[in-house]
Amino acid sequence: MTEAVTPPPPAGPFEPPPALPEPTPAERSAGISPSDIRDAAGVTLAVGAAGLLLGLLWVWLAPRVQYVSNGESVFLRDTESEARIGADGTFFLLSLGLGVLSAVAVFLWRRRGGVPLVLGLTVGSVFGALAGWRFGLWLGPSRDLIAAAKEAGKGVPFDAPIQLLAHGALLAWPMAAVAVHLALTAIWSPRDPEHPERLEHPAHPAHPAHPE
(Lines give C-alpha, C1' and ligand atoms only; values in the text may rest on other atoms or scores of the structure.)
Protein backbone atom coordinates (compact mmCIF):
# COMPACT_ATOMS: atom_id res chain seq x y z
CA MET A 1 0.00 0.00 0.00
CA THR A 2 1.45 3.34 -1.04
CA GLU A 3 1.41 6.23 1.48
CA ALA A 4 -0.11 9.44 0.18
CA VAL A 5 2.32 12.30 -0.13
CA THR A 6 1.02 15.81 0.48
CA PRO A 7 2.59 18.30 -1.94
CA PRO A 8 4.29 21.30 -0.29
CA PRO A 9 2.33 24.54 -0.27
CA PRO A 10 3.29 27.07 -2.91
CA ALA A 11 6.00 29.47 -1.90
CA GLY A 12 4.75 32.88 -0.85
CA PRO A 13 6.13 36.14 -2.18
CA PHE A 14 9.67 37.04 -1.05
CA GLU A 15 9.73 39.48 1.86
CA PRO A 16 12.95 41.51 2.25
CA PRO A 17 14.35 42.00 5.77
CA PRO A 18 13.23 45.16 7.55
CA ALA A 19 15.29 48.24 6.76
CA LEU A 20 17.70 49.60 9.35
CA PRO A 21 16.74 52.94 10.95
CA GLU A 22 18.24 56.10 9.59
CA PRO A 23 21.33 57.41 11.48
CA THR A 24 20.77 60.26 13.88
CA PRO A 25 22.26 63.75 13.22
CA ALA A 26 24.87 63.14 15.92
CA GLU A 27 25.95 59.96 14.19
CA ARG A 28 26.15 61.74 10.83
CA SER A 29 28.53 64.33 12.28
CA ALA A 30 31.02 61.60 13.28
CA GLY A 31 30.89 62.71 16.92
CA ILE A 32 32.41 66.18 16.30
CA SER A 33 30.26 69.12 17.35
CA PRO A 34 30.87 72.85 17.88
CA SER A 35 31.08 72.23 21.62
CA ASP A 36 33.91 69.73 21.01
CA ILE A 37 35.82 72.38 19.06
CA ARG A 38 35.28 74.93 21.83
CA ASP A 39 36.49 72.43 24.41
CA ALA A 40 39.60 71.72 22.35
CA ALA A 41 40.35 75.44 22.06
CA GLY A 42 39.94 75.86 25.81
CA VAL A 43 42.28 72.96 26.48
CA THR A 44 44.87 74.44 24.12
CA LEU A 45 44.83 77.80 25.89
CA ALA A 46 44.81 76.40 29.42
CA VAL A 47 47.60 73.87 28.85
CA GLY A 48 49.67 76.38 26.91
CA ALA A 49 49.36 78.93 29.73
CA ALA A 50 50.65 76.29 32.16
CA GLY A 51 54.00 76.64 30.37
CA LEU A 52 54.61 79.73 32.50
CA LEU A 53 54.53 77.47 35.55
CA LEU A 54 57.05 75.18 33.89
CA GLY A 55 59.45 78.06 33.30
CA LEU A 56 59.09 79.30 36.87
CA LEU A 57 59.71 75.86 38.38
CA TRP A 58 62.64 75.23 36.06
CA VAL A 59 64.44 78.40 37.12
CA TRP A 60 63.71 77.68 40.77
CA LEU A 61 64.74 74.00 40.87
CA ALA A 62 67.46 73.65 38.23
CA PRO A 63 71.05 73.50 39.55
CA ARG A 64 73.12 76.54 38.68
CA VAL A 65 76.38 76.75 36.77
CA GLN A 66 78.70 79.40 38.18
CA TYR A 67 81.38 81.46 36.49
CA VAL A 68 84.20 83.52 37.93
CA SER A 69 86.19 86.35 36.38
CA ASN A 70 89.86 87.23 36.82
CA GLY A 71 89.30 90.73 35.50
CA GLU A 72 90.13 89.82 31.92
CA SER A 73 88.33 86.56 31.13
CA VAL A 74 85.43 84.49 32.45
CA PHE A 75 85.92 80.87 33.51
CA LEU A 76 83.81 78.07 34.88
CA ARG A 77 84.16 77.96 38.63
CA ASP A 78 83.91 74.14 38.68
CA THR A 79 84.88 72.48 35.42
CA GLU A 80 83.63 69.10 36.66
CA SER A 81 80.18 70.34 37.63
CA GLU A 82 77.19 68.43 36.24
CA ALA A 83 74.85 71.36 36.68
CA ARG A 84 74.42 71.76 32.92
CA ILE A 85 73.09 68.22 32.63
CA GLY A 86 71.05 68.76 35.77
CA ALA A 87 69.24 71.68 34.17
CA ASP A 88 68.20 69.49 31.25
CA GLY A 89 67.10 66.70 33.59
CA THR A 90 65.08 69.11 35.71
CA PHE A 91 63.28 70.46 32.66
CA PHE A 92 62.60 66.92 31.41
CA LEU A 93 61.16 65.70 34.73
CA LEU A 94 59.04 68.81 35.21
CA SER A 95 57.70 68.42 31.67
CA LEU A 96 56.79 64.79 32.33
CA GLY A 97 54.98 65.71 35.53
CA LEU A 98 53.05 68.52 33.88
CA GLY A 99 52.19 66.23 30.99
CA VAL A 100 50.66 63.68 33.36
CA LEU A 101 48.82 66.38 35.34
CA SER A 102 47.41 68.06 32.24
CA ALA A 103 46.21 64.74 30.83
CA VAL A 104 44.48 63.81 34.10
CA ALA A 105 42.92 67.28 34.40
CA VAL A 106 41.55 67.16 30.84
CA PHE A 107 40.17 63.66 31.37
CA LEU A 108 38.46 64.60 34.64
CA TRP A 109 36.99 67.67 32.96
CA ARG A 110 35.69 65.73 29.96
CA ARG A 111 35.52 62.02 30.59
CA ARG A 112 35.78 61.06 26.96
CA GLY A 113 38.23 61.09 24.12
CA GLY A 114 37.80 62.44 20.65
CA VAL A 115 40.06 63.85 17.99
CA PRO A 116 39.47 67.55 18.81
CA LEU A 117 40.27 67.07 22.50
CA VAL A 118 43.45 65.12 21.79
CA LEU A 119 44.58 67.68 19.22
CA GLY A 120 43.93 70.50 21.66
CA LEU A 121 45.93 68.72 24.35
CA THR A 122 48.80 68.06 21.94
CA VAL A 123 49.01 71.61 20.59
CA GLY A 124 48.67 73.10 24.04
CA SER A 125 51.42 70.84 25.42
CA VAL A 126 53.83 71.76 22.62
CA PHE A 127 53.13 75.44 23.12
CA GLY A 128 53.44 75.06 26.89
CA ALA A 129 56.85 73.39 26.62
CA LEU A 130 58.13 76.10 24.28
CA ALA A 131 56.68 78.87 26.45
CA GLY A 132 58.19 77.35 29.59
CA TRP A 133 61.60 77.11 27.96
CA ARG A 134 61.63 80.72 26.74
CA PHE A 135 60.09 82.04 29.94
CA GLY A 136 62.74 80.24 31.99
CA LEU A 137 65.50 81.78 29.90
CA TRP A 138 63.95 85.21 30.44
CA LEU A 139 63.57 84.71 34.21
CA GLY A 140 67.04 83.27 34.70
CA PRO A 141 70.34 85.06 35.13
CA SER A 142 71.51 87.52 32.50
CA ARG A 143 72.89 86.04 29.29
CA ASP A 144 75.46 88.85 29.04
CA LEU A 145 78.42 87.24 30.79
CA ILE A 146 80.66 90.31 30.46
CA ALA A 147 78.13 92.58 32.14
CA ALA A 148 77.44 89.97 34.84
CA ALA A 149 81.18 89.55 35.52
CA LYS A 150 81.69 93.30 35.86
CA GLU A 151 78.72 93.52 38.21
CA ALA A 152 79.96 90.64 40.37
CA GLY A 153 83.58 91.83 40.52
CA LYS A 154 86.93 90.11 40.17
CA GLY A 155 87.11 86.67 41.78
CA VAL A 156 83.44 86.68 42.81
CA PRO A 157 81.42 83.75 41.43
CA PHE A 158 78.14 84.52 39.67
CA ASP A 159 75.40 82.38 38.15
CA ALA A 160 75.57 81.52 34.48
CA PRO A 161 72.42 81.83 32.34
CA ILE A 162 70.23 78.75 32.46
CA GLN A 163 70.33 76.66 29.28
CA LEU A 164 68.53 73.72 27.73
CA LEU A 165 71.15 71.74 25.85
CA ALA A 166 68.96 68.72 24.99
CA HIS A 167 66.13 70.22 22.95
CA GLY A 168 64.51 66.81 22.76
CA ALA A 169 63.25 67.44 26.30
CA LEU A 170 60.69 69.78 24.74
CA LEU A 171 58.80 66.69 23.54
CA ALA A 172 58.42 65.20 27.01
CA TRP A 173 55.30 67.19 27.89
CA PRO A 174 53.23 66.49 24.73
CA MET A 175 54.24 62.84 24.57
CA ALA A 176 53.39 62.21 28.23
CA ALA A 177 50.12 64.15 27.99
CA VAL A 178 48.84 62.31 24.91
CA ALA A 179 49.92 58.86 26.15
CA VAL A 180 48.33 59.26 29.59
CA HIS A 181 45.12 60.78 28.21
CA LEU A 182 44.68 57.98 25.67
CA ALA A 183 45.30 55.39 28.39
CA LEU A 184 42.75 56.97 30.74
CA THR A 185 40.22 57.25 27.93
CA ALA A 186 40.69 53.62 26.92
CA ILE A 187 40.26 52.37 30.49
CA TRP A 188 37.64 54.61 32.11
CA SER A 189 35.75 56.49 29.42
CA PRO A 190 32.04 55.58 29.13
CA ARG A 191 31.15 53.27 26.29
CA ASP A 192 28.58 54.30 23.69
CA PRO A 193 25.30 52.43 24.27
CA GLU A 194 24.47 49.90 21.62
CA HIS A 195 21.35 50.61 19.61
CA PRO A 196 19.10 47.58 19.91
CA GLU A 197 17.43 48.44 16.64
CA ARG A 198 20.83 48.15 14.93
CA LEU A 199 21.47 44.64 16.13
CA GLU A 200 21.73 42.10 13.42
CA HIS A 201 18.32 40.95 12.24
CA PRO A 202 17.74 37.25 11.71
CA ALA A 203 17.99 36.22 8.12
CA HIS A 204 14.71 36.11 6.25
CA PRO A 205 14.39 32.88 4.36
CA ALA A 206 13.52 33.21 0.71
CA HIS A 207 10.98 30.41 1.06
CA PRO A 208 9.06 29.30 4.12
CA ALA A 209 10.11 26.02 5.64
CA HIS A 210 8.28 23.02 4.24
CA PRO A 211 6.43 20.90 6.76
CA GLU A 212 7.72 17.45 7.07
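Positions are given from 1, in the same order as the sequence printed here. These numbers were taken from a predicted model, which means no experiment stands behind them.
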Original post:
Parallel under 30°, tilted from 30 to 60°, perpendicular over 60°: which one fits the rings of Trp58 and Phe91?
Top reply: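 Taking Phe91 first and then Trp58, their aromatic rings stand perpendicular (interplane angle over 60°).
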
Donor-acceptor list for residues 39-49 side chains, cut-off 3.5 Å, not counting sequence neighbours:
{"from": "Asp39", "atom 1": "OD2", "to": "Arg110", "atom 2": "NE", "distance (Å)": "3.0"}
{"from": "Asp39", "atom 1": "OD2", "to": "Arg112", "atom 2": "NH2", "distance (Å)": "3.3"}
{"from": "Thr44", "atom 1": "OG1", "to": "Ala40", "atom 2": "O", "distance (Å)": "2.9"}
{"from": "Thr44", "atom 1": "OG1", "to": "Gly120", "atom 2": "O", "distance (Å)": "3.1"}

When Ile, Leu, Val, Met, Phe, Trp and Tyr are grouped by side-chain heavy atoms lying under 4.5 Å apart, directly or through other members, which residues fall in the same group as [X]?
X      : answer
Met175 : Leu171
Val59  : Leu52, Leu56, Phe135, Trp138, Leu139
Phe92  : Leu93, Leu96

Under 4.5 Å between side-chain heavy atoms, counting indirect links through other Ile/Leu/Val/Met/Phe/Trp/Tyr residues: same cluster for [X] and [Y] or not?
X      : Y      : value
Val180 : Leu108 : yes
Trp173 : Leu130 : yes
Val100 : Trp188 : yes
Val126 : Leu94  : yes
Leu117 : Leu98  : yes

Which atom pair, heavy atoms only, marks the closest approach of Leu54 to Gly128?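 It is CD2-O, 4.1 Å.
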
Could you tell me which residues satisfy side chain to side chain donor-acceptor pair (under 3.5 Å) with Ser95, sequence neighbours excluded, listed by chain and number?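 Listed in chain order: nothing, the list is empty.
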
What distance do Leu165 atom CG and Asp88 atom CG have between them, rounded to the nearest 0.5 Å?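 Between Leu165 CG and Asp88 CG, I get 4.5 Å after rounding to 0.5 Å.
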
CG-CG distance between Leu101 and Leu53, expressed to the nearest 0.5 angstrom: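 Leu101 CG to Leu53 CG: 9.5 Å, rounded to 0.5 Å.
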
Query raised in the report: Hey, are the side chains of Pro161 and Leu137 touching, using non-hydrogen atoms and a 4.5 Å cut-off?
Result: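 They are not in side-chain contact.
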
State, yes or no, whether a side-chain contact exists between Leu121 and Ser102 at a heavy-atom distance under 4.5 Å.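 With C-beta onward as the side chain, the pair touches.
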
Under 3.5 Å donor-acceptor, Trp133 side chain and Gly51 backbone: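 Absent.
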
**Message:** Run the ring-ring contact (aromatic ring centres under 6.0 Å, His included) test against Trp109 and tell me which residues pass, sequence neighbours left out.
**Reply:**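 For Trp109 there are no ring-ring contact (aromatic ring centres under 6.0 Å, His included) partners, ignoring immediate neighbours.
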
